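Only one structure is covered here, and it is reproduced in the block below.
Every heavy atom of this structure was used, including side-chain atoms; hydrogens, water molecules and symmetry mates were not. The structure presented is a predicted model; accordingly, all values stated were derived computationally and were not measured.
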Amino acid sequence: MLRRAFGGEDTLMAYRIDPDRDRQYIDEFRRQPIGAHSPGLMRVLTTMRNDPTGNQVILVCLKPFEKWALGTMPPHRDEPVRVESGPVFTSREEAEWEVFRRRWRRLTGEDINTPWRS
Amino acid sequence: MLKIVGYPDRYSVAPAETIAFKVSLEEGGRFAARLVRVIHGDCNPQGPGLKFRHVPTAADGTYPGRRQRIDAGSYMRAASLPALASGPFTFFAMIWPTLLSRAGMQTLAAQWDPARQSGFRIGVAGGELALTVGDGSGRCVTIRSGRNMLERHWYSVVVALDPAARRVRLDQRPLQPYALIDDQASLQATITVVPAEVSAPLLLAGCPEPDGTVGQHFDGKIDAPALLAGMHMPSSHAALLEAPLPPALVPAVLARWDFSRDIPSTTASDLGPYAHTGELVNLPARGMKGWNWSGEEQAWTRRPQEYGAIHFHHDDLYDAGWETSVALTVPADLPSGPYALHVSCGESDEQATRECYLAFFVRPPRTRTHRGARPDVALLAPTCSYMAYANHAEHITARGAELQMGRLLQFGHADLYMYDHPELAGSLYDKHADGSGVCYSSRLRPVLNFMPRYHSWLGGHGSALYQYNADTHLFAWLEHHGITYDVITDEDLHEEGVDLLGDYRVVVTGTHPEYHSTPMWDAMKTWLDLGGRLMYLGGNGWYWRIAFHRSLPGVIEVRRAEDGIRTWIAEPGEYHHSFNHEYGGLWRRNGRPPNLIGSIGFIAQGFDVSSYYRRAPDADNPRAAFLFHDVPDEKIGDFGLIGGGAAGIELDCLDTVLGSPPNALRLASSEAHSPLMLLVNEEFGVVPPNLGGDTNDRVHADLVFAETPAGGAVFATGSIAWCGSLSHNGYDNNVSRLTLNALRRFLDPAPFPRAALWGRS
């Protein structure tokens, strides 16, 4: 295959998340992780959901509609999916929030300490 | 992970016929089986929950089981060739490799005894033309050209072998040279191992393995393979490709396959004097452009000599070929409907699922004498769409799916199993490992998403159902309202045509009837023109044209030509079906937009959340009064299991330019869609900046009613998510009521207003 689905570490990024500018969207996401989002949050999510390493975070369903864990699908299919032993989530939205926080940390270096539901 | 998988040998079976189930166990040695009627396959606790009805039959019981494997990968087998290594010979071919990075030898031609490691294998190894010979004593030697080829470039390859003299010559020559790229090689060598004479079939694009399978497949195209007796120079290759063959070469020809002959078949014609016809296994792609394609013709029928290539893939599959585990003779009095063989091998837990439902449909009897009186309603099960999406694995094979879904990709046990078993083979949405599109899809293999209980990685937040399991929402609604109905399948319609529809006053579709062959399309249009009443309860219907194979059952072909939502794009010049030579692609691009059948056509898709419809002025038209009986609401379907609304996933709307009937009533239209509900490609020429449902008014579904010329009618919902709203509030809601109102009137024999040509009633 000539064209690669992802471009490696030197992949061009059309947008870089700026914590000062984009912090305003954190709460919007937390209120509604899945659903119609504002253009600003869409831009943040579009940036976050592109992983140039080719790894793909996935949501592994342990028990339908009750229990999920996170996992990672590697770039090459001959390597196994890695399923995390914890945390375990009781809703999809809770898992979305955890992944959002991890990605925010990876892209900005900042922690989001707000829990899913206080 | 799944511990038990399987498949039926057919998706449609008539009473008194036998259906065979093939089961594989990942653990243990026995499994239990029982027949169930499928009512509702959605586990979502927000809905009615799983519902099956046990149907006791003689097939109920426990059975021995074992692990059954799939031997994927396409190749050609020519069984009648003599042992080639009995004397000097030369192999010629034009090749177009597509996955040179794959480890190991990719076989071009082999006559090999895997137990004794003897014979010869010609192939590509590490990107180089290579030859391996074995003498049967355990000694093997491999000679490589020393130059890497480029992917997706044509090469002339010539390999000459003189066993007695231990001489070999490898010649690898690009048709398109590049400055500073050294991919040409011509190598002569003396080998230390004398290849044994092996009396075995000659294989192209595959090699026998010690475990009885065929492996070491080639990924790429092979064109005009030939075998000549004697050691021939590479310069002979050009002459060999001429027609007619130069007389000097004629006596040397052992075999000379022409893949441009009889493209719809599974045989490869040998133009040589011995007629060593090849058998093609696992459906490699045919009707493929050859090394000499000029671009002057786009159809293989018009210039077949430029379509002499076959594209082989190591992940092609037609028939898994498993042994039968359970045979069920359908009771003669079993009502038509959706059924499944429930098989289980233990208790499921968080790590493993130890049960599955092998779905199928019981159709009405095949002959009129046995058919008797039928119910007035038929559900047309969209089995071609189920086949098109069989093992749909874009969540695995494509990156970017999370962006499209607007949420994390969910992997259940079935998805994890699918990830670990690429030999299950992909859907018509997937690409082969080499990046080329999967253009054939068969049902003769485990299809993990053709099952109740399968919750998809797409299909709308909430239940996340798509295709078959989404259709169980409709099965349950029909059951809830006590509606007696037959099930006929797409394959039945393809084979029997309009005669099959003639028994029914009303045909109800599934949620996503997307794929149709020409006979299917013709049958439905004819039935409508004769006054049939169609309830199109989904979206994205009558979209892609497909072809069935003329001799192999249970396999369809699509060519992603020209336009439309295409997860892969057919190569220029490869837009015609190999199965039947028709021009493939969108029905719309073939002059038959979906609007001609269902009154509406595809406009947008988005997989995150659904929305609702708002009542439109035509709802108050007296012609629509029967539909809105007890439906006073302004908003329709602002609830549901698929994305939380009745308008979602894929939407259709009215467009008279595309053929929507001018008399159609727009009863309601959806609004307030997510930014990820996007306008589809074929709706624009210049890419507009406002593609999403939050900014583009064209992104909406229309709820439509239209009378047809001969006293029939169409009720069309324009949304895949519609049926996900039927069960809300114990089936007492405006989506359910509208659907039931439509069905009741459609069941009434009184004709709808006709066209003047027919004489108004």
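Residue contact with chain A, scored on non-hydrogen atoms closer than 4.5 Å, involves the backbone and the side chain of B:Ile396 alike. The contact between B:His395 and chain A is made entirely by backbone atoms, counting heavy-atom distances below 4.5 Å. Using a 4.5 Å cut-off between heavy atoms, A:Val99 contacts chain B through its side chain alone, with no backbone atom that close. Neither the backbone nor the side chain of B:Thr353 comes within contact range of chain A; no heavy atom of the residue lies under 4.5 Å from a heavy atom of that chain.
In terms of heavy-atom pairs under 4.5 Å with chain B, the best-connected choice from A:Arg77, A:Met42, A:His37, A:Glu66 is A:Arg77. For chain B, the option among A:Pro80, A:Pro74, A:Gly71, A:Pro64 with the highest count of heavy-atom pairs below 4.5 Å is A:Pro74.
The aromatic rings of A:Trp116 and A:Trp97 lie tilted to each other, with the angle between the two planes from 30° to 60°. Relative orientation of the B:Tyr429 and B:His392 rings is tilted, given thresholds of 30° and 60° on the angle between their planes.
Counting only heavy atoms from C-beta outward, the side chains of A:Leu70 and B:Leu408 approach each other to under 4.5 Å.
B:Asn690 and B:Thr695 form no side-chain donor-acceptor contact under 3.5 Å, judged by distance and modelled atom types alone.
With sequence neighbours excluded, no residue forms a salt bridge (Lys or Arg N to Asp or Glu O under 4.0 Å) with B:Glu423. A search for side chain to side chain contact (heavy atoms under 4.5 Å, CB included) contacts involving A:Arg106 returns A:Arg103, not counting sequence neighbours. Every side chain to side chain contact (heavy atoms under 4.5 Å, CB included) that B:Leu150 has, sequence neighbours left out, goes to B:His153, B:Tyr155, B:Tyr178, B:Ile181, B:Asp183.
Judged purely by atom type and a 3.5 angstrom limit, B:His455 has no side-chain atom pairing as donor or acceptor with the backbone of B:Asp42.
Along residues 86-94 of chain A, the residues that come nearer than 4.5 angstrom to chain B, judged on non-hydrogen atoms, are A:Arg92, A:Glu93 in order of number.
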Please determine whether side-chain hydrogen bond (donor to acceptor under 3.5 Å, both in side chains) holds for the pair A:Glu28 and A:Ser38, giving the CA-CA distance in whole Å, both sets of side-chain angles, and the decisive distance to 0.1 Å.
CA-CA 8 Å; A:Glu28 182 191 344; A:Ser38 69; 2.7 Å; yes
